[in-house]
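Notes follow once the structure below has been shown.
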Amino acid sequence: MAAPRPVRQARAPSVLAAYVLHRYDWSESSLVLDVFTRESGRLPVIAKGAKRPYSQLRPVLLPFQRLFVTLGKPPKAGEAGDAVEAGGEVRLLRGAEWAGGSAMLTGAALFSGFYLNELLMKLLARQDPHPELFDAYAATLPSLASADDAVTQAALRAFELTLLLRLGLLPDLTVVTATQQSVALDGGYALLPEVGLVSARPSDTPISGTDLVGVQAALEHGSIPALQQACGRVLPALRSQLRALLHYHLGSNVLRTRQVMIGVQSLG
């Protein structure tokens, strides 16, 4: 009887689909990147020599652009210096190519994009893959450049809902959380951070049971356009309720991108 073959562990793919969430200087010529990959989640990456004028990486490593990246083994102890101390196991960037996609974000859309990036960096653990969330991020970016503010706001709410769902932080929107009774289609409800979905109080801006059922159906289907459409019907109430829920899980009422946006608007 032949001896059983040893089970081989699956290797991580050599080429990863990725977006750059954040970058900061490391030495005079290199960068440390926080990248969001479809296959391996959020990763810290060192891009050696990327700041040099002739580097082929310099024009590629931009936010909101879909990339194909090739990563090497983690650097040896002490090789990455402060970068390792700042964020766990750091990978070396061997190569990066533009993978196509939408044009660069500008103006207000740029702030919205950085807001999404900040949410991902603060709520996603490193090396925790979320391929559905990656796809939702990619599908959301083009909507941020819309000239219609309602379209942009619906896209932001749809992404926030998707993020909360994929992290297990969103209750079922078709049932009252405490009783597990189905929502009444003509009833009014509110999403509260500590207790979930409840009947709306006089101080709440309610969301109808009909709209909640529609949002939940779009979430379960996984269609970002359908979810954006469902969010567009309840934008004012959904915005305030999701903001409170996100702040609760972030442990802070302050997001840097939101502060900057408020500051810019006050100058207008």
Side-chain angles (χ1 to χ4, degrees), residues 17-26 31-38 41-45 47 50-51 53 55-69 93 96-124 130 133-164 166 224-225 227-229 231-232 235-236 238-240 242-243 246-247 250 252-268:
Y19 286 93
V20 175
L21 297 179
H22 183 64
R23 47 184 277 177
Y24 59 92
D25 293 343
W26 177 62
L31 296 169
V32 171
L33 311 172
D34 205 316
V35 298
F36 182 31
T37 71
R38 191 178 194 279
R42 191 167 68 89
L43 301 173
V45 173
K51 291 168 57 180
S55 171
Q56 295 181 350
L57 294 174
R58 185 171 181 174
V60 176
L61 299 178
L62 301 174
F64 318 121
Q65 297 297 298
R66 190 180 180 113
L67 308 174
F68 289 132
V69 299
L93 182 67
E97 297 180 0
W98 183 62
S102 55
M104 285 289 295
L105 299 179
T106 58
L110 195 62
F111 288 114
S112 296
F114 281 124
Y115 168 69
L116 298 190
N117 288 3
E118 187 174 5
L119 287 180
L120 289 172
M121 290 182 62
K122 289 188 174 182
L123 289 174
L124 280 187
H130 286 276
L133 185 58
F134 181 93
D135 293 342
Y137 178 87
T140 300
L141 291 179
S143 299
L144 302 184
S146 173
D148 187 343
D149 184 62
V151 172
T152 298
Q153 293 302 318
L156 291 173
R157 303 294 82 78
F159 184 79
E160 290 168 346
L161 283 165
T162 303
L163 175 61
L164 290 167
R166 295 302 173 187
I224 293 300
L227 183 56
Q228 291 176 354
Q229 186 175 13
C231 291
L235 279 179
L238 196 58
R239 179 178 183 177
S240 61
L242 287 179
R243 178 177 296 179
L246 285 165
H247 285 163
L250 286 166
S252 169
N253 288 331
V254 178
L255 286 170
R256 292 180 61 189
T257 45
R258 185 167 289 156
Q259 283 185 310
V260 173
M261 290 177 69
I262 293 173
V264 171
Q265 291 170 354
S266 68
L267 297 175

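What you see is a predicted model; the values in this text were computed from it and never measured. Counting from 1, the numbers follow the sequence of the chain as shown.
- Under the side-chain hydrogen bond (donor to acceptor under 3.5 Å, both in side chains) criterion, D135 pairs with R38, not counting sequence neighbours.
- Atoms CG and CG, from L156 and L238 in turn, are 11.0 Å apart once rounded to the nearest 0.5 Å.
- Contact detail for A145 and L105: the closest heavy-atom pair is CB-CD2, 4.2 Å.
- For F159, there are no ring-ring contact (aromatic ring centres under 6.0 Å, His included) partners at least two apart in sequence or on another chain.
- Pairing each heavy atom of R58 with each of K51, the nearest pair is NH1-O, 3.3 Å.
- Shown here for A18 and T37, the closest heavy-atom pair between the two residues is CB-CG2, 3.9 Å.
- L43 contributes atom CG, which lies 11.0 Å from atom CG of L93 (distance to the nearest 0.5 angstrom).
- Annotation for T140 and A155: closest pair CG2-O, 3.8 Å, computed over non-hydrogen atoms.
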- Message: Run L31 and D25 through side-chain contact (heavy atoms from CB on, under 4.5 Å) and show every step you take.
- Response: CA-CA 5 Å; L31 296 169; D25 293 343; 3.6 Å; yes
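- The line from CZ of R157 to OG1 of T152 is 10.0 Å long, rounded to the nearest 0.5 Å.
- In terms of heavy-atom proximity, A50 sits nearest to L57 at CB-CB, 4.2 Å.
- Of all the heavy atoms in V151 and S143, the pair that sits closest is CG1-O, 4.2 Å.
- For R166, there are no salt bridge (charged side-chain N to carboxylate O under 4.0 Å, His left out) partners at least two apart in sequence or on another chain.
- In this structure, the separation between CZ on R42 and CG on L123 is 9.5 Å, given to the nearest 0.5 Å.
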- Message: Between L62 and L67, is the side-chain contact (heavy atoms from CB on, under 4.5 Å) condition met? List the steps.
- Response: CA-CA 9 Å; L62 301 174; L67 308 174; over 6 Å; no
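- Counting heavy atoms from C-beta on, the side chains of F36 and L124 come closer than 4.5 Å.
- R23 contributes a side-chain N or O that, together with a main-chain N or O of L61, makes up a donor-acceptor pair within less than 3.5 Å.
- Of the inter-residue distances, the one linking L141 atom CG with L116 atom CG reads 6.5 Å to the nearest 0.5 angstrom.
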- Message: side-chain contact (heavy atoms from CB on, under 4.5 Å) for V35 and V69? Distances and angles first, verdict last.
- Response: CA-CA 10 Å; V35 298; V69 299; 5.6 Å; no
- Run the numbers on H130 and Y137 for side-chain contact (heavy atoms from CB on, under 4.5 Å), then give the verdict. CA-CA 11 Å; H130 286 276; Y137 178 87; over 6 Å; no
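- Taking CD1 from I224 and CG from L161, the interatomic distance works out to 9.5 Å, rounded to the nearest 0.5 Å.
- At least one side-chain heavy atom of R66 sits less than 4.5 Å from a side-chain heavy atom of Y19.
- Between the side chain of T162 and the main chain of A158, a donor-acceptor pair closer than 3.5 Å is present.
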